[in-house]
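Convention: sequence-line order gives letters A, B, ...; per-chain numbering from 1. Values below: every heavy atom of this structure, side chains too, minus hydrogens, waters and symmetry copies.
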There are 2 protein chains.
Amino acid sequence: MSSSNTISHEIAAILRDEILQQRYRSGERFPSERDLAARFDASRGAVREALSQLEQLGLIRTQPGGARVQSVKSASLAVLGPLMALGDYPDPLLVDQFLQAFSVLTAMTAKNAVVAASPEQLIQLKKLVAELAAEAEDFEAMQPHWRALLEAMSAIADNLVVRLIGNDLKAQFVDQMIELGIRPDLRAGSIDKLLSSLRVSLNKQDGELASQAMQDHFVELREAVGEALRFRADELSIRVAN
Amino acid sequence: MSSSNTISHEIAAILRDEILQQRYRSGERFPSERDLAARFDASRGAVREALSQLEQLGLIRTQPGGARVQSVKSASLAVLGPLMALGDYPDPLLVDQFLQAFSVLTAMTAKNAVVAASPEQLIQLKKLVAELAAEAEDFEAMQPHWRALLEAMSAIADNLVVRLIGNDLKAQFVDQMIELGIRPDLRAGSIDKLLSSLRVSLNKQDGELASQAMQDHFVELREAVGEALRFRADELSIRVAN
DNA sequence: CACATTATTTGGTCAGACCAAATTGGTCCG
DNA sequence: CGGACCAATTTGGTCTGACCAAATAATGTG
């Protein structure tokens, strides 16, 4: 998947996953380029391009004399997507950690967006909230609107740092969830509460309220996602048992 | 600097900075590999390895027929370090955005660390706070202890996502600040207030308090850093004027 | 002028070669 | 026997030149 149909990307993806699966101990010598070329039946150039990508991800460090594997903990954020996509289903702990980090950043974005929005932008946000409300029943149908709202807020808040963090995470995460058919079962009224709080915060231009509403919503979302993943894990282990 | 003494890294660094400086319009065709090889008097292989890195950073997208420049807004977080290091001094707005994002993540980490800490870890944290207090007068001398405290909290909170985000940012940012001699002038008592709040939060194991203390501290830090950067900007423009 | 076809450019890959740095292994000496 | 020194080997870094397939640009044709 996502191998981008070139040999070097394929090799990079395979090696990346092997490292993320802890198949090499941190600090251990990585196979030599010539060995890898033989293993993948590719030229050394292709292998070198793959290693160049792994190095950019912070997964290996190359030196004349040999490359060495680095700790995943010291890698770049860009490994998170592949890391979540490793097993049959994402590691619940990792997903929760992601949602927690995403939560505070989203809350911050909401606050800044509401405070910084021009009158026109406030109207736009209200419109997006209304559109979201119209589809609040179906989790999956809601996603595009949800994402549009976050995108609009992100654009208004205009924090490049947060935007870049989002790039490395958002799409990969949400897409994977949907692809796996994991649909968190939010408590009835949870969305309504969020939306009504957002409406009020937009009317009063109250950033704190918007922030708090997001935080509260994510608390519930984290719980629901955790529940869905646990259910999924059981389902899988049952299937394996048969 | 940081060109890692290999040709391909040097080329990658130069092209990266050119893209970050908006010297190419987003969507524009990037020079061909053969042209770049001629320009840098290098082999096509070396250029390809450089482009491979740029692609991993999300700055370009390559296809048979030609590579195209992508919007910085859609790049990977790993470009932030280079982005801040571009001009003579960092863009104050970007620094503030960074600090704001770092603020909420740090507050979250502090909260989780305080809540999750074992008795031994609480003692360790208290010790680190005490060591920090001992050097609270000198901003520069304080940094190693400050970083040690954050590192310890990060280890206890054990959120891989936040850790990875930190990897792409922390070191580069702080180092650059110090290197440029930018020393934010924190209000007297600001540090004391933070430290005493932290002490209380550790004693009561009150996560919310720790979080709030961090947030408050960062508000002041952001102001002080902004002030220091404005001063620095004036200094530079005076020097240029002469 | 619109469209289909050809020619050219460009990225992707391969092969073989050379250099310099790092590692390895052996040797010599204390 | 142990440690320090030195050569042989491994390994990454780079270059040259070549071929293919996809995308683009140029061309000719209706």
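Remark: C1' of D/dT11 and CD of A/Gln63 are 11 Å apart, rounded to the nearest angstrom. Summarising the geometry, the separation between CZ on A/Phe40 and P on C/dG12 is reported as 19 Å, rounded to the nearest angstrom. When the P atom of C/dT10 is taken as reference, atom CD1 of B/Ile60 falls 15 Å away, rounded to whole Å. Between the CD1 atom of B/Ile7 and the P atom of C/dA21 there is a distance of 13 Å, rounded to whole Å. Regarding A/Asn5, its CG atom lies at a distance of 10 Å from the P atom of D/dA22, rounded to whole Å. Whole-Å rounding puts the B/Arg48 CZ to C/dG11 C1' distance at 6 Å. Between B/Phe30 atom CZ and C/dT10 atom P there is a gap of 14 Å when expressed in whole angstrom units. If you take CD1 of A/Ile11 and C1' of C/dG12, they are 12 Å apart, rounded to a whole angstrom.
Looking only at distances, a side-chain donor or acceptor of A/Gln97 sits under 3.5 Å from a matching main-chain atom of B/Leu160. Looking at B/Ser71, its side chain never comes within 3.5 Å of a backbone N or O of B/Ser26 through a donor-acceptor pair. With hydrogens and angles ignored, the 3.5 Å screen pairs no side-chain donor or acceptor of A/Asp17 with any backbone N or O of A/Pro82.
Take the nearest nucleotide of DNA chain C for B/Asp35 and for A/Glu49: the residue whose nucleotide is more 5' is B/Asp35. For the pair B/Ala42 and B/Arg34, both in contact range of DNA chain D, the more 5′-proximal nearest nucleotide belongs to B/Ala42. Each of A/Ala46 and B/Arg29 was assigned the nucleotide of DNA chain C with the nearest heavy atom; the assignment lying further toward the 5' end belongs to B/Arg29.
Checking D/dT24, C/dG12, D/dG13 against every side-chain atom of B/Pro64, the shortest atom distance belongs to C/dG12. Considering only the side chain of A/Arg68, C/dT23 comes nearest among C/dT23, C/dG11, D/dG13. Comparing D/dT11, C/dA22, D/dT14 against the side chain of B/Ser43 picks out D/dT14 as the nearest. Closest to the side chain of A/Ser32, from the set C/dT23, D/dT14, D/dT11, is D/dT11. With distances taken from any side-chain atom of B/Glu33 to the nucleotides C/dG12, C/dT10, D/dG12, the minimum falls on C/dG12. Residue A/Thr62 has its side chain nearest to D/dG13 when only C/dT13, D/dG13, C/dC14 are considered.
The one candidate from B/Gln53, B/His9, B/Gln56 that meets the side-chain hydrogen bond (donor to acceptor under 3.5 Å, both in side chains) condition with A/Glu55 is B/His9.
A/Gly66 comes within 4.0 angstrom of sugar-phosphate atoms only, judged by non-hydrogen atoms across all strands, and of no base. When heavy atoms are screened at a 4.0 angstrom cut-off, B/Arg61 is found touching no nucleic acid atom at all.
By the 30° and 60° cut-offs, the orientation of the rings of B/Phe102 relative to B/Phe218 is perpendicular.
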query: Would A/Asp138 and A/Arg183 satisfy side chain to side chain contact (heavy atoms under 4.5 Å, CB included), going step by step from the backbone distance to the final call?
result: CA-CA 10 Å; A/Asp138 184 355; A/Arg183 303 198 298 129; 3.9 Å; yes
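Between the side chain of B/Arg44 and the base of D/dG17, no donor-acceptor pair under 3.5 Å is found.
OP1 or OP2 of C/dT13 has at least one side-chain nitrogen or oxygen of A/Ser8 nearer than 4.0 Å.
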